[in-house]
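Since the structure is predicted, the reported quantities are computational estimates derived from the model, not experimental observations.
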Amino acid sequence: MEFQLNLSKIPFNLENSLECGQVFRWKKENGWWVSVIDDKVVKLKQKNNLLNVKSSSNDTNEKYIRKYLRINDPLPDILSSINKDLIMATAVSKLNGLRLIKQSPWECLASFICATYKNIVSIKKMISNICCRLGKRIEFEGMIYYTFPEPEIVASVDKHTLENCGLGYRAKFLQETAKRIASREVALDNLEYSNYENAKAILLGNTGDGKILPGVGPKVADCVMLFSLEKLDAFPIDVWIRRTIQKYYSHLFENDTNHQISSWKDNSISATEYKTISKKMRRYFGSYAGYAQEYLFHYARKSEIVSLTSVSSNS
DNA sequence: GCATCACCTAGAGG
DNA sequence: ACCTCTAGGTGAT
């Protein structure tokens with residue numbers, strides 16, 4: 001399967017969208033961005049208004065690609081709705097065309113369970129290891145690729161297999177969560193049809209029925225909802241975003257006597273802080289707060305407007 | 001409820 | 001070659 005997608009008058013930037021930290025399995029090979037989506041190898045190359053697409057499957061049609069890349073999101077309207085201040089205006093002007101990507105919920109959930117307390121380079125390696133060892137093999141244009149393994153597979157392997165993928169203490173979290181997804185104790189795919197509050201309560205196990213997903217806290221839940229469950233108002237808060245907010249949005253918290261922004265410690269976010277920041281920023285940016293988060297996150301990392309002592313290169 | 005702290009491990013920096 | 005520190009946080013106390 002091979003075709004071109006005409007993007008004239010549709011703002012889209014492939015590189016920004018794939019490198020902003022929301023997806024972990026795309027890599028550049030011979031000028032093409034390559035990954036496996038579901039069970040299909042997909043290669044993408046953008047030249048101005050044209051997106052070249054190649055795939056191992058004939059099911060990878062224009063509709064499929066448009067959905068995955070969220071081409072139908074009204075990006076100009078979204079960006080003007082979140083463009084509320086100078087820092088966002090700068091991020092938008094530098095990253096225009098960055099779109100959220102619609103991932104498979106299970107792969108997204110598993111990825112962000114692995115992502116806790118790791119840098120992006122390490123995350124990519126862990127996920128690559130999981131796919132190599134447990135995924136289905138696909139050959140395309142002389143190269144071998146692997147699918148992301150189904151929850152049933154992850155649930156049933158020996159625990160050491162996951163540990164050997166470099167997951168460390170995350171191995172048991174991932175496997176336990178895989179079991180509960182595989183058994184459909186938690187119907188992950190149905191959460192797309194719940195609202196933000198309900199979906200989050202179910203992911204966090206706050207429904208009172210004891211269906212806990214280990215390794216899933218507020219940050220992981222927000223990432224899964226934003227990147228795979230159509231909750232574009234979700235606003236994940238990690239150390240980068242928190243530092244950016246502390247530096248550029250402290251005025252929003254001036255009247256908050258309970259949670260003075262100046263007292264935030266640099267290396268951790270308490271549950272209370274998470275709720276305070278999340279509520280404030282979701283209200284401030286509105287129904288597309290998740291787009292704002294992604295632009296701020298990528299801009300903060302790329303431009304180093306907030307400092308980290310150890311920043312890994314993105315290669 | 002709410003704050004503190006340990007946690008697997010790879011990779012960077014000294 | 002070593003040591004120290006940190007990473008898209010979460011769970012236990």
Side-chain angles (χ1 to χ4, degrees), chain A residues 18-25 98 100-101 103 107-130 159-177 180 200 203-206 208 210-228 234-246 256-260 263-278 281 290 292-302 304-315:
Chain A
L18 297 183
E19 290 200 310
C20 66
Q22 56 179 329
V23 286
F24 301 106
R25 289 221 291 148
L98 186 162
L100 292 171
I101 285 172
Q103 305 181 36
E107 177 173 341
C108 188
L109 174 62
S111 298
F112 281 95
I113 287 174
C114 295
T116 68
Y117 213 41
K118 277 284 180 187
N119 63 38
I120 290 183
V121 176
S122 297
I123 298 163
K124 287 178 177 171
K125 284 198 178 122
M126 286 187 282
I127 294 171
S128 170
N129 289 340
I130 292 171
K159 184 166 73 86
H160 299 299
T161 307
L162 292 176
E163 285 173 354
N164 291 340
C165 292
L167 269 65
Y169 66 85
R170 299 163 197 78
K172 66 176 188 296
F173 292 161
L174 179 62
Q175 183 154 52
E176 201 56 39
T177 289
R180 289 166 199 220
K200 189 156 185 177
L203 286 171
L204 293 180
N206 289 340
K211 292 174 182 170
I212 305 292
L213 300 178
V216 180
K219 157 67 169 56
V220 172
D222 276 333
C223 285
V224 174
M225 293 198 295
L226 178 60
F227 301 137
S228 72
F235 192 91
I237 298 157
D238 54 73
V239 291
W240 287 92
I241 285 295
R242 199 191 57 76
R243 285 168 185 155
T244 306
I245 289 170
Q246 189 162 23
D256 199 325
T257 52
N258 291 325
H259 303 287
Q260 288 298 321
S263 70
W264 293 353
K265 294 196 175 58
D266 192 49
N267 56 351
S268 66
I269 304 170
S270 73
T272 314
E273 278 176 9
Y274 196 102
K275 282 180 191 158
T276 304
I277 302 172
S278 174
M281 301 314 285
Q293 191 273 1
E294 209 51 28
Y295 272 78
L296 277 181
F297 175 80
H298 193 38
Y299 179 58
R301 283 179 54 86
K302 212 172 165 179
E304 299 179 23
I305 55 170
V306 289
S307 61
L308 271 191
T309 49
S310 154
V311 179
S312 38
S313 69
N314 207 0
S315 60

Checklist outcome for this item: What residues 214-221 of chain A contributes to the DNA chain C interface at heavy-atom separation below 4.0 Å is A/Pro214, A/Gly215, A/Val216, A/Gly217, A/Pro218, A/Lys219, A/Val220

Checklist outcome for this item: Here the residues of residues 159-168 of chain A within 4.0 Å heavy-atom distance, strictly under, of DNA chain C are none

Checklist entry - Under 4.0 angstrom, heavy atoms only, what part of the nucleic acid is A/Phe173 near: base, sugar-phosphate, or nothing? => result sugar-phosphate

Next on the checklist: Any base atoms under 4.0 Å from A/Tyr274, or only sugar-phosphate, or nothing? Heavy atoms, all strands.
Outcome noted: nothing

Whole angstroms only, please: what is the [atom1]-[atom2] distance between [X] and [N]?
X: A/Ile269; N: C/dA7; atom1: CD1; atom2: P; value: 11 Å
X: A/Arg170; N: C/dG9; atom1: CZ; atom2: P; value: 10 Å
X: A/Lys118; N: C/dC5; atom1: NZ; atom2: C1'; value: 13 Å
X: A/Ile237; N: C/dA7; atom1: CD1; atom2: P; value: 17 Å

If the condition is side-chain contact (heavy atoms from CB on, under 4.5 Å), which residues does [X] pass it with, not counting sequence neighbours?
X: A/Tyr299; result: A/Ile87, A/Thr90, A/Ala91, A/Lys94, A/Leu95, A/Ser303, A/Ile305
X: A/Lys125; result: A/Val121
X: A/Ser122; result: A/Lys118, A/Asn119

Checklist entry - Pairs in or reaching into residues 217-226 of chain A: which pass salt bridge (charged side-chain N to carboxylate O under 4.0 Å, His left out), with residues at least two apart or in two chains? => result A/Lys200-A/Asp222

Checklist entry - Would you say A/Gln293 and A/Ile237 make side-chain contact, with heavy atoms under 4.5 Å? => result no

Checklist entry - Is the side chain of A/Glu176 donor-acceptor paired with the backbone N or O of A/Ile212 at a distance under 3.5 Å, no angle test? => result no

Between protein and nucleic acid, restricted to nucleotides 5-7 of chain B and to nitrogen or oxygen atoms under 3.5 Å apart, what atom pairs and distances do you find?
from, atom 1, to, atom 2, distance (Å)
B/dC7, N4, A/Tyr117, OH, 3.2

[atom1] atom, [N] versus [M]: distance in rounded Å?
N: C/dG11; M: B/dA10; atom1: P; result: 22 Å
N: B/dC8; M: C/dT13; atom1: P; result: 13 Å
N: B/dC5; M: C/dC5; atom1: P; result: 16 Å

Item to check | Any residue meeting salt bridge (Lys or Arg N to Asp or Glu O under 4.0 Å) with A/Glu107, in chain and number order, not counting sequence neighbours | outcome: A/Arg25

Checklist outcome for this item: Residue set satisfying salt bridge (Lys or Arg N to Asp or Glu O under 4.0 Å) with A/Lys159, at least two apart, ordered chain then number -> A/Glu163

Item to check | Contacts of type ring pair (Phe, Tyr, Trp, His ring centres under 6.0 Å), residue A/Phe112, not counting sequence neighbours | outcome: A/Phe24, A/Phe227

Checklist entry - What stem regions, each of at least 3 consecutive Watson-Crick or G-U pairs below 3.5 Å, can be found for DNA chain B? => result B:3-7 with C:9-13, B:9-14 with C:2-7

Checklist entry - Is the shortest side-chain N/O distance from A/Thr272 to OP1 or OP2 of B/dA3 below 4.0 Å? => result yes

Item to check | Residue met sooner reading DNA chain B from 5', once A/Ser122 and A/Thr116 are mapped to nucleotides | outcome: A/Thr116

Proximity to the side chain of [X] - top-ranked nucleotide from [options]:
X: A/Lys172; options: C/dT10, B/dC2, B/dC8; answer: B/dC8
X: A/Ser270; options: C/dT10, B/dA3, B/dA10; answer: B/dA3
X: A/Lys125; options: B/dG11, B/dC8, C/dA7; answer: B/dG11

Next on the checklist: Does A/Leu167 form a side chain to side chain contact (heavy atoms under 4.5 Å, CB included) with A/Cys114? I'd like the steps, not just the answer.
Outcome noted: CA-CA 7 Å; A/Leu167 269 65; A/Cys114 295; 3.8 Å; yes

